[in-house]
Amino acid sequence: MIIEKDFYQRNAISVAKEILGDYLVREVDGRKIKSIIVETESYIGASDKACHAYNYKKTERTKPLFQEGGIAYVYFIYGLYHCLNIVTNIKDEPEAVLIRAVEPIDNLDYLSNVRFNKSYDELTKTQKKNLTNGPSKLCTALNITKKENYIEFYKEGSLYIEANPNKNFEIVETIRIGIDYAEEAKDFPWRFYIKDNMYVSKK
């Protein structure tokens, strides 16, 4: 069942924790690809110097963050990589959840060919782990680009999120990655992941 819009109309920390274990569904190239969300990070514009909309800074890039929760915010970094976020909270309260890693559960040959130009069986153990164990890796594997900006996760289409009714895991809470510039915010314990999952980017 697709998660409804109301779920996302809450703070980014709650959504980041509760979305773990749910399914990210991507429909592309005539395929429906399902993966499990295993690692997330929260970003909160009001108080978080790591957030693109810190102190309510609105630019052309950050406009999606000021919309109602439940849509995609996709940004481009280093001129090379895309990162997928879920906008949360109410309109004009800029918050988001970065999907840092997912566990692929089907279409493995398709994903491995996109990432490594090989079938899944040809991959090394390290390559299998590296399929989707980072924000840019999962976007590459699932062909997620700026075209997916503003997509509504609560409607069936090319990108949406389904609830997993059978969750049974421990959540680890720790600091976020790659935000050393963010002064005191670099130490906020706003990264969450499923304990012992092999696709987590960093433990």
Side-chain angles (χ1 to χ4, degrees), residues 2-26 34-54 64-65 69-75 77 81-90 93-105 129-139 141-142 144 153-154 159-203:
I2 295 177
I3 295 175
E4 296 182 352
K5 184 178 180 178
D6 287 353
F7 173 86
Y8 303 104
Q9 312 282 297
R10 301 174 301 137
N11 70 80
I13 293 174
S14 296
V15 174
K17 291 181 188 178
E18 293 176 31
I19 207 78
L20 288 172
D22 289 324
Y23 299 110
L24 180 68
V25 184
R26 174 71 165 135
K34 222 173 198 184
S35 54
I36 298 172
I37 299 170
V38 299
E39 182 182 6
T40 58
E41 287 180 346
S42 300
Y43 290 87
I44 297 176
S47 59
D48 179 8
K49 291 176 182 174
C51 181
H52 294 164
Y54 170 62
L65 290 170
I71 67 168
Y73 168 49
V74 182
Y75 61 84
I77 55 171
Y81 307 117
H82 291 93
C83 294
L84 175 65
N85 299 260
I86 306 165
V87 175
T88 65
N89 220 316
I90 59 174
E93 198 59 54
E95 299 188 13
V97 173
L98 171 66
I99 301 179
R100 277 204 62 89
V102 298
E103 176 184 342
I105 57 175
K129 180 179 177 181
N130 283 336
L131 268 181
T132 53
N133 69 335
S136 63
K137 296 174 187 178
L138 72 90
C139 283
L142 296 172
I144 293 170
F153 286 110
Y154 48 86
L159 189 66
Y160 54 97
I161 298 176
E162 290 183 348
N164 178 2
N166 301 308
K167 297 185 185 183
N168 182 24
F169 49 76
E170 184 177 337
I171 296 175
V172 177
E173 303 184 12
T174 186
I175 60 171
R176 296 170 295 179
I177 296 171
I179 55 164
D180 290 343
Y181 60 85
E183 299 179 2
E184 74 281 354
K186 70 182 175 59
D187 296 317
F188 293 173
W190 289 356
R191 180 165 67 98
F192 311 98
Y193 65 83
I194 295 176
K195 186 177 181 180
D196 299 326
N197 187 281
M198 68 174 278
Y199 289 94
V200 171
S201 63
K202 183 178 180 181
K203 295 175 181 175

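Since the structure is predicted, the reported quantities are computational estimates derived from the model, not experimental observations. Nothing fancy with the numbering, it's 1 onward along the sequence.
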Working to the nearest 0.5 angstrom, can you tell me the gap between [X] [atom1] and [Y] [atom2]?
| X | Y | atom1 | atom2 | value |
| --- | --- | --- | --- | --- |
| Cys51 | Leu98 | SG | CG | 11.0 Å |
| Phe153 | Tyr8 | CZ | OH | 7.0 Å |
| Ile99 | Leu24 | CD1 | CG | 5.0 Å |
| Ile161 | Tyr23 | CD1 | OH | 13.5 Å |
| Asn164 | Ile36 | CG | CD1 | 6.5 Å |
| Leu142 | Thr132 | CG | OG1 | 7.5 Å |

Work out which heavy atom in [X] is nearest to a heavy atom in [Y]; give both atom names and the distance.
| X | Y | value |
| --- | --- | --- |
| Ile194 | Ile37 | CD1-O, 3.8 Å |
| Ala96 | Leu65 | CB-CD2, 3.5 Å |
| Ala46 | Tyr54 | O-CE1, 4.4 Å |
| Lys129 | Tyr199 | O-CD2, 3.6 Å |
| Lys34 | Ile105 | O-CG1, 3.0 Å |

List for me each residue that meets side-chain hydrogen bond (donor to acceptor under 3.5 Å, both in side chains) alongside [X], sequence neighbours excluded, and say none if there are none.
| X | value |
| --- | --- |
| Gln9 | none |
| Lys5 | Glu68 |
| Asn197 | Glu103 |
| Ser47 | none |

Scan the side chains in residues 181-188 for donor-acceptor partners under 3.5 Å anywhere in the protein, sequence neighbours excluded, and list what turns up.
unit_1, atom_1, unit_2, atom_2, d
Glu183, OE1, Lys49, NZ, 2.6
Glu184, OE1, Lys49, NZ, 3.3
Glu184, OE2, Lys49, NZ, 3.4

Please identify each residue that fulfils salt bridge (charged side-chain N to carboxylate O under 4.0 Å, His left out) with [X], with sequence neighbours left out.
| X | result |
| --- | --- |
| Glu41 | Arg100 |
| Lys167 | Asp22 |
| Glu18 | Arg10 |
| Glu4 | none |

A quick test of your reading: do over 12 heavy atoms of other residues, nucleotides or ligands sit less than 6.0 Å from CZ of Phe169? yes
Passes side chain to side chain contact (heavy atoms under 4.5 Å, CB included), Ile19 versus Phe7? Steps please. CA-CA 9 Å; Ile19 207 78; Phe7 173 86; 3.5 Å; yes
Please walk me through it: do His82 and Ile144 pass side chain to side chain contact (heavy atoms under 4.5 Å, CB included)? CA-CA 7 Å; His82 291 93; Ile144 293 170; 5.6 Å; no
Is any side-chain heavy atom of Tyr43 closer than 4.5 Å to one of Ile179? yes
Listed by chain and number, what are the side chain to side chain contact (heavy atoms under 4.5 Å, CB included) partners of Ala12, not counting sequence neighbours? Ser42, Ile44, Thr88, Glu95, Val97
Pairing residues for Lys203 by the side chain to side chain contact (heavy atoms under 4.5 Å, CB included) criterion, not counting sequence neighbours: Tyr193, Val200
Is any side-chain N of the basic residue among Lys202 and Glu39 closer than 4.0 Å to the acidic one's carboxylate O? no
Residues at least two apart in sequence or cross-chain that pass ring pair (Phe, Tyr, Trp, His ring centres under 6.0 Å) with His52, listed by chain then number, are Tyr73, Tyr75
